[in-house]
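Below: the structure, in structure tokens.
Counting from 1, the numbers follow the sequence of the chain as shown. For clarity, every value in this text was computed on a predicted model and none was experimentally measured.
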Amino acid sequence: DEGFWGGAGKSCEGRFPVAVAMVRCGSALLRQYGNFIDNLRVHVRGGSGGMGLRKLGGEGGNGGNVFIVSQDGMTLKMIKDKYPNKRFVAGVGVNSSIRSLKGAKGKDCEIYAPAGISITNDNGKIIGELNKKGDRLMVAHGGHGGSFKTNFLPSKGQAGIIRMDLKLVADVGLVGFPNAGKSSLLSQMSHAKPKIADYPCKRKPLI
């Protein structure tokens, strides 16, 4: 209707029932899906390894790894809201010591995400996919602890930008007469950019 859509949703022959129904459900759908996002870029870094103990030949612990784990009820927007800086870092490996020559491994970092996503690096290379609940994918390796092979010096963990993309399958389709306001509603419910204009209706609907 002209008052609701600002002139872009005029009907040809009065007010169609489809347009009225869309207007009524529009505000409820907007509240639920208006901030929906289908991709998210985050920074991940594996933990650095722990220092080795040269005089006793002790080995430092390896750094923790970063995993993405699929979980029911999660959305990409929930990740973005909970971690606004979008940085995920695993724990550092424990240094070797007299009390514990073999240092403990650093704590892993787990990012809970929805099922049905593909993960790529910043160059577009596919790292893997999470297709069902409980799927688990490593996206950053922790560094190695210092040992005899490395002159007891640890290495840093893997770091980089990864992108999570939701593999979308349409659950709802918008069907309506010309100029009923379908594109206007879609533009308010999502990040889509449909072309919106007050097109003339040259043909009467067939009922």
Side-chain angles (χ1 to χ4, degrees), residues 5 8 22-23 25-49 61-93 105-144 154-175 181-196:
W5 298 116
M22 290 171 67
V23 170
C25 72
S27 59
L29 291 173
L30 180 60
R31 286 194 299 270
Q32 185 173 1
Y33 299 110
N35 293 321
F36 172 79
I37 60 174
D38 59 6
N39 65 81
L40 182 66
R41 294 174 73 248
V42 298
H43 178 270
V44 295
R45 190 177 74 210
S48 297
N62 292 332
N65 306 311
V66 181
F67 295 90
I68 298 181
V69 183
S70 60
Q71 187 179 65
D72 286 344
M74 288 298 299
T75 66
L76 296 182
K77 185 177 184 301
M78 290 171 66
I79 301 174
K80 181 180 178 181
D81 291 344
K82 187 174 181 179
Y83 305 98
N85 61 357
K86 295 181 287 185
R87 295 179 64 88
F88 299 89
V89 181
V92 176
K105 181 178 179 294
K107 185 177 180 180
D108 292 334
C109 174
E110 293 185 338
I111 307 170
Y112 293 104
I117 62 173
S118 61
I119 297 97
T120 58
N121 63 18
D122 219 23
N123 296 322
K125 182 180 179 180
I126 296 177
I127 300 174
E129 296 182 343
L130 302 180
N131 295 315
K132 63 183 184 299
K133 176 186 175 182
D135 281 355
R136 181 183 176 95
L137 179 68
M138 185 186 297
V139 292
H141 293 270
H144 294 291
S155 62
K156 293 182 178 180
Q158 185 182 17
I161 301 291
I162 63 167
R163 173 175 168 140
M164 293 179 276
D165 286 283
L166 193 61
K167 299 186 290 183
L168 299 177
V169 177
D171 293 320
V172 178
L174 294 179
V175 180
K182 300 184 296 297
S183 296
S184 298
L185 179 61
L186 182 63
S187 69
Q188 296 299 312
M189 290 169 53
S190 69
H191 293 289
K193 304 294 182 183
K195 186 175 181 181
I196 301 173

Donor-acceptor contact present, side-chain Asp135 to main-chain Lys132, <3.5 Å: yes
Exercise: identify the closest heavy-atom pair between Tyr112 and Ile79: O-CD1, 3.3 Å
Under 3.5 Å donor-acceptor, Ser48 side chain and Gly143 backbone: no
Gap separating the CG atom of Asp165 from the CZ atom of Arg41, nearest 0.5 angstrom: 10.5 Å
Exam field: side chain Ser70 to backbone Gly134, donor-acceptor pair closer than 3.5 Å: yes
Atom of Gly49, atom of Pro154 and distance for their closest heavy-atom approach: O-CB, 3.1 Å
Cys109 side chain reached by Val89 side chain, heavy atoms, under 4.5 Å: no
Any donor-acceptor N/O pair, Asn123 side chain to Lys125 backbone, under 3.5 Å: no
Separation between CD1 of Ile162 and CG of Leu40, rounded to the nearest 0.5 Å: 8.5 Å
Shortest non-hydrogen separation from Ala159 to His43 and the atoms involved: CB-NE2, 4.4 Å
Over all atoms of both residues, closest heavy-atom pair of Ile68 and Met164: CD1-SD, 3.8 Å
Distance (rounded to the nearest 0.5 Å) between Asn39 CG and Lys80 NZ: 9.5 Å
Taking every non-hydrogen atom, the tightest pair across Leu130 and Arg136: CD2-N, 3.9 Å
Any side-chain heavy-atom pair of Arg45 and Arg87 under 4.5 Å: yes
Of Val44, Ile127, Asn65, Val66, the residue whose pairing with Met138 passes side chain to side chain contact (heavy atoms under 4.5 Å, CB included): Asn65
Euclidean distance, Asp72 CG relative to Lys133 NZ, rounded to 0.5 Å: 4.5 Å
Inter-residue atom distance Ile37.CD1 - Thr75.OG1, 0.5 Å rounding: 7.0 Å
Rounded distance (nearest 0.5 Å) linking atom CE of Met74 with atom CD1 of Ile111: 10.0 Å
Atom of Pro114, atom of Leu76 and distance for their closest heavy-atom approach: CD-CD2, 4.0 Å
